[in-house]
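Have a look at the structure below, then the notes.
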Amino acid sequence: MKMQNKEAISVIREQQQTDPVMTMGQELSSLKISNIQKDALIQTMGEQLAQVKLELIQIKGGAK
């Protein structure tokens with residue numbers, strides 16, 4: 001069996017951590033996940049606001 005890469009896994013992982021492209025990719029992924037979570041929160045809050053508005057309309061309409 002022929003080994004292509006004889007470096008230790010710890011050395012390879014250390015190189016990956018210091019690789020600027022890898023670091024930027026990780027940061028980009030983290031930002032993308034954060035934005036998805038933010039968008040989901042905004043959507044949920046919008047739905048809740050719409051529900052509250054409907055309830056207010058029903059309350060006002062029922063009081064007349």
Side-chain angles (χ1 to χ4, degrees):
M1 182 195 273
K2 197 174 190 184
M3 293 181 66
Q4 291 180 333
N5 192 348
K6 295 181 183 179
E7 290 183 276
I9 292 175
S10 60
V11 174
I12 293 170
R13 295 220 189 274
E14 185 178 317
Q15 289 172 348
Q16 288 175 341
Q17 292 295 324
T18 58
D19 182 11
V21 174
M22 193 72 142
T23 304
M24 286 177 58
Q26 290 170 341
E27 287 180 29
L28 181 61
S29 296
S30 178
L31 286 172
K32 193 163 191 158
I33 291 170
S34 178
N35 282 338
I36 290 169
Q37 291 172 334
K38 175 192 57 116
D39 291 343
L41 178 63
I42 289 170
Q43 182 177 353
T44 301
M45 291 175 72
E47 291 169 359
Q48 290 175 348
L49 180 59
Q51 184 65 36
V52 168
K53 285 182 177 181
L54 285 173
E55 289 174 8
L56 279 173
I57 290 170
Q58 289 174 349
I59 290 171
K60 286 182 179 180
K64 289 184 178 181

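It should be emphasised that the depicted structure is a prediction, and the values quoted were computed from it without experimental measurement.
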Judged by atom type as modelled, is there a donor-acceptor pair below 3.5 Å linking the side chain of Ser30 to the main-chain atoms of Gln26?
no
Would you say that Ile33 contacts Gln37 through its side chain, given a criterion of any heavy-atom pair below 4.5 Å between the two side chains?
yes
Working for side-chain contact (heavy atoms from CB on, under 4.5 Å), residues Lys32 and Leu28
CA-CA 6 Å; Lys32 193 163 191 158; Leu28 181 61; 5.6 Å; no
Quick one: hydrophobic cluster around Leu41, which other residues, with the 4.5 Å side-chain cut-off, linked directly or via members?
Met45
Could you tell me which residues satisfy side-chain contact (heavy atoms from CB on, under 4.5 Å) with Lys38, sequence neighbours excluded, listed by chain and number?
Asn35, Ile42
Using a 3.5 Å distance criterion without hydrogens, assess whether the side chain of Ser29 forms a donor-acceptor pair with backbone atoms of Gly25.
yes
Applying side-chain contact (heavy atoms from CB on, under 4.5 Å) to Gln43 and Asp39, what does each step give before you reach the verdict?
CA-CA 6 Å; Gln43 182 177 353; Asp39 291 343; over 6 Å; no
Who clusters with Ile36? Use side-chain heavy atoms, under 4.5 angstrom, across I, L, V, M, F, W and Y, and order the result by chain and number.
none
Could you work out the complete set of other residues in the hydrophobic cluster of Leu56, with links drawn between I, L, V, M, F, W and Y side chains under 4.5 Å apart?
Val52
